[in-house]
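Convention: sequence-line order gives letters A, B, ...; per-chain numbering from 1. Everything numeric here is computed off the predicted structure, so don't read it as measured data. Below, each value reflects all heavy atoms present in this structure, side chains not excepted, and no hydrogens, waters or symmetry copies.
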Amino acid sequence: MRLITHPIKRQIVRIHVAETPWDLAQFVDWVEANSTALGFDTETTGLDWWNADRGFRCRLAQFGTATESWVLPVEAGEDYAEAARWALRQAGRLIIHNANFDLHVVEATLGIPLEELAPKAICTKITAHLVDPRAVKEQGPGLKLEELTKHYLDRDLAEQVKGSMTRIAKAYKVKKEDIWPIVSLSDETFLLYAGMDPCLAYRLFHLLYPMIPLRSRRKGLFGWEHRLAYVCALIERTGYLLDAEYAEARAAELLAEQAKWEAVAAEFGVANVNSSAQLIEAFTGFGVRLTKKTAKGNLAMDAEVLDAIDHPLAEAVKKATKAGKWRSTWFERALSGRDSKGRVHATLNSLQARTARMSITGSVPAQTFPAGTGYVRHMFLAEEGHVTCCIDFANMELRFLAAESGDPVMRDAFANGKDLHQITADAAGVPRKVGKMGNFLIVFGGGWKALVTQAKVLEDVARRTIDAFGSTYTYVGKLADRLMAEARRTGFIYTSTGRRLPVDRGRLYAAQNYFIQSGSRDITARAVLRLHEAGYTKWMRLIIHDEIVFSFPKDRAEELMREAAKLMQFTVKGVEIPADGEIGDRSWGSVLDLEDSKH
DNA sequence: AATTGTTGCACC
DNA sequence: AAACGGTGCAACAATT
């Protein structure tokens with residue numbers, strides 16, 4: 001056994017590294033003495049846990065308390081893997097940073113199912129988010145283990161740990177992302193880094209849990225965020241069946257399109273259509289006067305600028321960059337993320353944004369798939385004998401606003417099927433489209449200036465629309481005032497689920513948006529939990545803000561859709577937030593085609 | 001040569 | 001008086 005010692009906050013941590021199977025007897029004694037709760041972490045060859053049948057490996061499994069940890073080289077032999085399995089089952093609680101990842105790793109490489117460990121897992125990322133959801137760039141503590149260590153535990157240690165893998169990668173002369181499969185299991189720095197992590201997670205949990213606001217705990221947020229994360233892990237594990245033939249055909253088609261327009265750009269002397277610098281030079285040379293600036297004060301070269309330029313180069317650039325982006329971001333990304341069974345596994349970050357909104361990352365960045373067309377979504381297939389079904393909430397954010405503000409005009413509009421956008425438009429004497437934009441702008445916390453740029457209307461029209469909103473839905477303003485007053489006084493607002501959200505004092509107007517966005521996310525979250533309890537998880541494929549995508553057996557699809565929509569439907573303070581479903585053929589894209597053909 | 005910052009664009 | 005909220009990813013440019 002090898003012993004490495006290192007302080008956290010001047011308190012020595014003893015890291016035990018098992019080197020022979022004989023060391024495991026001592027590990028067993030230690031686990032038995034500390035089995036109530038153990039910090040846990042793994043070091044792996046990468047992030048692609050779904051590739052355990054073709055190269056993905058778990059290299060180390062680490063267990064820890066506040067002052068001691070054990071590092072088991074599970075890659076080096078079945079004895080270590082068996083000991084790790086035993087300890088995982090022995091522990092009353094497992095404290096893990098970003099638990100879903102390690103639970104996937106354990107299932108895929110050590111064979112303990114999610115179903116067995118998830119109920120006793122505690123995620124420090126969730127815990128930290130309930131205390132303070134802000135990222136570092138928002139002047140918050142952040143949510144990564146290193147960031148949390150720096151903010152809450154030991155600044156110097158965090159800096160050291162942060163740099164350690166970069167230094168090892170340098171020594172091996174490889175990129176940082178390529179170091180994980182090759183770093184030696186006897187590398188002292190790597191073992192220190194690995195052995196420290198479960199101790200950090202253990203300490204963070206004990207420090208942070210009491211800091212979760214009482215109101216959050218009373219509403220059971222800690223528990224249901226963990227159950228939601230578990231459902232997301234199950235959905236991630238199932239993955240989504242990819243139509244590789246379709247994806248490859250589209251990728252090829254887009255590559256040809258891209259090449260065609262790049263050739264046109266080349267004729268005008270632009271070698272790289274993605275280079276703003278080259279384009280600025282070329283257009284300036286043609287005598288085009290560029291004025292729009294970027295955030296940093298440089299000349300902008302975006303779609304708006306290009307749209308205003310009447311020159312064949314502008315057209316070619318737009319077409320070439322779009323084809324290139326769609327090819328690489330959607331089709332090639334999905335194709336390269338396939339597992340051995342042709343499925344792709346998105347990462348569903350169940351508690352991500354400052355407002356708690358979920359994010360979807362990895363090979364299926366589904367939240368940003370082009371809307372209004374099935375072109376990209378066609379590559380995702382329901383199972384054999386199944387059809388795709390999409391159920392989404394109707395006007396969730398505005399209905400939520402109507403409910404929480406209690407505004408009688410808004411409530412009446414929704415209760416009696418009136419056209420809310422038309423009501424706003426009529427009150428301002430503007431077209432319905434402008435009224436609609438105004439309604440959504442209020443949700444975002446925007447003002448008349450934003451309406452000018454977005455709706456391309458004159459200043460007085462924009463002012464009139466915003467004013468009309470205020471005088472028509474008077475209770476909305478009252479809610480905003482209450483939230484801003486709370487934020488000004490305390491720096492926070494509380495949502496109706498007991499979530500505490502920090503509001504920057506210089507951007508108090510954002511309080512209303514946080515309240516609506518977060519409350520809406522929590523409705524979707526609870527809908528997912530209801531669906532899970534009713535046995536729908538095996539059919540769920542993705543959760544996208546206010547929409548859930550399912551793969552239903554074809555012969556029961558109608559019945560399951562009706563039942564699922566009923567489960568999702570929510571009533572907030574007497575206001576219904578209905579959920580409506582659509583059934584397509586096998587591909588997700590077919591659901592959109594169906595909608596198109598109806599209109 | 002690898003990492004970090006900037007820009008642009010896809011969405012709710 | 002006015003205040004556009006929240007994401008992820010690719011490519012290029014600048015920095016280390």
Using the C1' atom as the reference point in each nucleotide, state the distance between B/dC11 and C/dC4 in Å, no decimals. 15 Å

Do the ring centers of A/Phe331 and A/His378 come within less than 6.0 Å of each other? no

Aromatic ring proximity A/Phe283/A/Phe268, centre distance under 6.0 Å: no

Measure [atom1]/[X] against [atom2]/[N] and give the value in whole Å, please.
X: A/Asp392; N: B/dC11; atom1: CG; atom2: P; answer: 16 Å
X: A/Tyr375; N: B/dA10; atom1: OH; atom2: C1'; answer: 15 Å
X: A/Asn272; N: B/dT7; atom1: CG; atom2: C1'; answer: 13 Å
X: A/Arg521; N: B/dC11; atom1: CZ; atom2: P; answer: 23 Å
X: A/Phe444; N: B/dC11; atom1: CZ; atom2: P; answer: 13 Å
X: A/Ile442; N: B/dC12; atom1: CD1; atom2: P; answer: 21 Å
X: A/Lys175; N: B/dT3; atom1: NZ; atom2: P; answer: 8 Å
X: A/Met165; N: B/dA2; atom1: CE; atom2: C1'; answer: 15 Å

Are [X] and [Y] ion-paired here, with the side-chain N under 4.0 Å from a carboxylate O?
X: A/Arg327; Y: A/Glu332; answer: yes
X: A/Arg250; Y: A/Glu253; answer: yes
X: A/Glu147; Y: A/Lys137; answer: no
X: A/Asp546; Y: A/Arg399; answer: no
X: A/Glu138; Y: A/Arg507; answer: no
X: A/Arg464; Y: A/Asp460; answer: yes

A/Met379 side, atom CE; A/Tyr246 side, atom OH - distance, nearest 0.5 Å: 8.0 Å

Distance, nearest 0.5 Å, that separates SG of A/Cys389 from CD1 of A/Ile391: 4.0 Å

Sugar-phosphate, base or nothing in reach of [X], heavy atoms under 4.0 Å:
X: A/Arg327; result: nothing
X: A/Arg333; result: sugar-phosphate
X: A/Lys176; result: sugar-phosphate
X: A/Lys325; result: base
X: A/Lys170; result: nothing

Within 45° of the axis and under 6.0 Å from the centre of the six-membered ring of A/Phe369, does NZ or CZ of A/Arg377 qualify? no

Comparing A/Asn274 and A/Trp448 on DNA chain C - which has the more 5′ nearest nucleotide: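 Its nearest nucleotide lies further toward 5', so the answer is A/Trp448.
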
In this structure, which one of A/Leu348, A/Ile360, A/Thr347 forms a side-chain contact (heavy atoms from CB on, under 4.5 Å) with A/Cys232?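 Exactly one pass, corresponding to A/Leu348.
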
ring-ring contact (aromatic ring centres under 6.0 Å, His included) filter on A/His345, not counting sequence neighbours, yields A/Trp49, A/Trp50

Quick one: ring-ring contact (aromatic ring centres under 6.0 Å, His included) partners of A/Tyr240, sequence neighbours excluded? A/Phe380

Please work out which residues in residues 290-308 of chain A have a non-hydrogen atom less than 4.0 Å from an atom of DNA chain B and list them by number. A/Thr294, A/Lys296, A/Asn298, A/Ala300, A/Met301, A/Asp302, A/Ala303

Identify, residue by residue, the members of residues 508-517 of chain A with a heavy atom below 4.0 Å from DNA chain B, and return them in order of residue number, or none.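 Result for residues 508-517 of chain A: none.
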
Grab the two heavy atoms, one from A/Met561 and one from A/Gly581, that are nearest each other, plus how far apart they are.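 Looking at all heavy atoms of both residues, the shortest contact is SD-C, 3.4 Å.
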
Does any residue of residues 349-357 of chain A have a heavy atom under 4.0 Å from DNA chain C, and if so, which ones, in number order?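 Of all residues in residues 349-357 of chain A, the ones placing a heavy atom under 4.0 Å from DNA chain C are A/Gln352, A/Ala353, A/Arg354, A/Arg357.
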
First contact, last contact: which nucleotides of DNA chain C are these for chain A, 5' to 3', heavy-atom distance under 4.0 Å?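 So the outermost contacting nucleotides come out as C/dA2 to C/dA13.
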
Taking 4.0 Å as the cut-off, does a side-chain nitrogen or oxygen of A/Trp330 come that near to OP1 or OP2 on B/dA10? no

